[in-house]
Amino acid sequence: MVGVPIALVPENLVLRTIRPEEIDQAAELLEERGEPADGEDLRLVLDDRDAGLPGTAVVVDGDRVVATASLLDEQLDLSGHAIPAGQVELVATAASHEGRGLARALMHWCHDRSAARGHLAQVMIGIPNFYRRFGYSYAMPIPRVHSLTGSVEAPAGITVRRATTADITVMAELQDVEQRTADLRMPHSDGCWRWLVARSGSEQWVAERDGVVIAVGRALPEEGVLGEVAATDPAGAVAVLAHAAEAARGAGRPLSVQPRGRGCAHAAMAPYLDQGTLPEWYYARVPDLATLLVHLGPLLAARLRDSGLGSSGGTGDEHQVLLSTYAQQVRFTVGAGGVAGMQRGGREQAPVSKGGSGLAAEDVPGLVLGPHGARGLEERAPDCLLGRQRELMAALFPPVTSDLLTFYLAV
Ligand SMILES: CC(C)(COP(=O)(O)OP(=O)(O)OC[C@H]1O[C@@H](n2cnc3c(N)ncnc32)[C@H](O)[C@@H]1OP(=O)(O)O)[C@@H](O)C(=O)NCCC(=O)NCCS
């Protein structure tokens, strides 16, 4: 198929899905502009039965690949409600072609494709500030990075080894247990587990006692980094920590640890760790708030019921909601049956005077997915005004704790 030039791409360039003969060039471009393992990561994604070529785009100048980006399929789980999502990764533009809108055009392609796949949100880790230009905001905190306060003794009778594909099921189960303490969860996709076991950019470790896997972790041993630790037995988490400390010592690096959630592994490692740095943040994007709210109707109904605002389940418990991002607005009814009568509209500069609430478009991902909830956003953002709907907004959009597993470790 002939590539379709997107209006955003300069005239002599073409943006389209990657072709097999372009994989080497795209991989080299990623290595040149990013980390040495990025090319290998692209090959793993492109070779995978779940991902393959359709999620990766290139911009070509003649027969030269000058930019690339990939869209990965993810699934968020918000209090038991699935949200199909996308993650954009492996983004690079050749130095010779920077500043000509190629990354912007690739993001556009990824977001179009994401919408076509039914994704209702996108999440990612990325270079600071850049992705704000494409509708992302800093919505969910990344767990703090901690240093060791002293030495860690390896518990007796536990061995730590590199994981293989045979360990994927048990690793996913351990992460599932660890993530249950969070309201918002994103597990690794099946494909991502395969890439993580195979890639050289990070190592997957499992801790075993008597042949039973009791803990898992992900490390960059040469860089002294440990994250994504999950355990069913505290001693397993300590064994993984001790193994990482040993590896960091061998590499002459201090160890940085990223414990997360409030699960077993966190509690086991906490006594060895300092207070940690300030958290960084995941980027999130909600392309269409109305569609997401309709999708989350059952969750909003449950929150309403739990808050007491919709307790009897009768029609008198239905609430009209007006939510304006000032340039655009949504109006809907929420009640025991979920969200109904969704209407989209244009500018609404004075939502509070009409009984509604206003907030900046960039606060929308945080409203639905973030740790502050509606009330916390109102305290933080001068243009978040909940008005007479305050109690209802607080019930529908409470603070959300999160635990996300992304392709790259956020350290
Ligand atoms: C970051 C990178 C992908 C940008 O590619 P690009 O094709 O030059 O970007 P674009 O020309 O499409 O720029 C889009 C917008 O972002 C801005 N921008 C470019 N680089 C930026 C940066 N590092 N930080 C913030 N804004 C940036 C541009 O000014 C432009 O703004 P505008 O549309 O308002 O004019 C490219 O510089 C690169 O490959 N860097 C090395 C690898 C990397 O960091 N990849 C991202 C990993 S998350």
Hits for side chain to side chain contact (heavy atoms under 4.5 Å, CB included) against Asp50, two or more places apart or cross-chain, chain-then-number order -> Asp48, Asp190, Arg194
**OP:** Find out whether Leu148 and Leu273 are in side-chain contact, i.e. whether some heavy atom of one side chain is under 4.5 Å from a heavy atom of the other.
**Re:** yes
- Report yes or no: does Ser70 contribute a side-chain atom to a donor-acceptor pair with the main-chain N or O of Thr56 at less than 3.5 Å? no
So do Leu304 and Val334 actually touch side chain to side chain, heavy atoms under 4.5 Å?
-> yes
In short, salt bridge (charged side-chain N to carboxylate O under 4.0 Å, His left out) pairs touching residues 346-360 with sequence neighbours left out are Glu348-Lys354
Sorted by chain and residue number, the side chain to side chain contact (heavy atoms under 4.5 Å, CB included) partners of Pro187 (sequence neighbours excluded) come out as Gln179
The side chain to side chain donor-acceptor pair (under 3.5 Å) partners of Asp233 (sequence neighbours excluded) come to Arg209
For this session: Show your working on salt bridge (Lys or Arg N to Asp or Glu O under 4.0 Å) between Arg161 and Glu208 and close with a plain yes or no.
Result: CA-CA 8 Å; Arg161 62 165 173 83; Glu208 274 180 333; 3.0 Å; yes
The complete set of salt bridge (charged side-chain N to carboxylate O under 4.0 Å, His left out) pairs with one or both residues in residues 235-248, sequence neighbours excluded, reads Glu246-Arg249
Does the side chain of Phe332 come within less than 4.5 Å of Val294's, by heavy atoms? no
ring-ring contact (aromatic ring centres under 6.0 Å, His included) filter on Tyr408, not counting sequence neighbours, yields none
Say whether, by atom type as modelled, one donor and one acceptor occur between the side chain of Arg199 and the main chain of Asp41 under 3.5 angstrom.
-> no
In terms of heavy-atom contacts, His295 and Leu120 come closest through CG-CD1, 3.3 Å
Glu378 meets the side chain to side chain donor-acceptor pair (under 3.5 Å) criterion, sequence neighbours left out, with Arg390
Q. Ignoring hydrogens and geometry, is there a side-chain-to-backbone donor-acceptor pair from Arg331 to Gln343 under 3.5 Å?
A. no
Interatomic distance, CZ@Arg285 vs SG@Cys110, rounded to 0.5 Å, equals 10.0 Å
May I ask you to test the Met186-Gln87 pair for a side-chain heavy-atom distance under 4.5 Å? yes
Hits for ring-ring contact (aromatic ring centres under 6.0 Å, His included) against His97, two or more places apart or cross-chain, chain-then-number order -> none
- Message: Is it the case that the side chain of Tyr272 and the backbone of Leu241 share a donor-acceptor pair, with hydrogens and angles ignored and the cut-off at 3.5 Å?
- Response: no
Exercise for review: Please check if the side chain of Arg144 supplies one atom and the backbone of Thr277 the other of a donor-acceptor pair under 3.5 Å.
Suggested key: yes
Quick one, Pro279 and Ile142 - any side-chain contact, counting heavy atoms below 4.5 Å? no
Note: Leu29 and Ala92 closest approach over all heavy atoms is CD2-O, 4.0 Å
With Leu367 as partner, the option from Val400, Leu377, Leu396 fulfilling side-chain contact (heavy atoms from CB on, under 4.5 Å) is Leu377
Across all chains, not counting sequence neighbours, the ring-ring contact (aromatic ring centres under 6.0 Å, His included) partners of His111 are Tyr136
>> Under a plain distance cut-off of 3.5 Å, with no hydrogens placed, do Thr401 and Asp183 share a side-chain donor-acceptor pair?
In response: yes
Answer whether the closest heavy-atom distance between the side chains of Tyr282 and Pro365 falls below 4.5 Å.
no
Note: Leu106 and Leu15 closest approach over all heavy atoms is N-CD1, 3.9 Å
Tyr138-Tyr283 aromatic ring centre distance below 6.0 Å: yes
Query raised in the report: Is a side-chain donor or acceptor of Thr325 paired with a backbone partner of Ala361 at a separation under 3.5 angstrom?
Result: no
Between Gln75 and Ala82, the two heavy atoms sitting closest are NE2-CB, 3.6 Å
On a heavy-atom basis, the closest approach of Arg260 and Pro143 is CB-CG, 3.6 Å
Q) Is a donor on one side and an acceptor on the other found under 3.5 Å between the side chain of Asp77 and the backbone of Arg185? A) no
Residues 189-210 vs ring-ring contact (aromatic ring centres under 6.0 Å, His included), sequence neighbours excluded, gives His188-Trp193, Trp195-Phe407, Trp205-His243
The complete set of salt bridge (charged side-chain N to carboxylate O under 4.0 Å, His left out) pairs with one or both residues in residues 57-75, sequence neighbours excluded, reads Asp73-Arg117
For Phe130, the ring-ring contact (aromatic ring centres under 6.0 Å, His included) test, sequence neighbours excluded, returns Phe134
Minimal heavy-atom distance between Tyr131 and Gly126, with the atoms involved, is CE1-CA, 3.8 Å
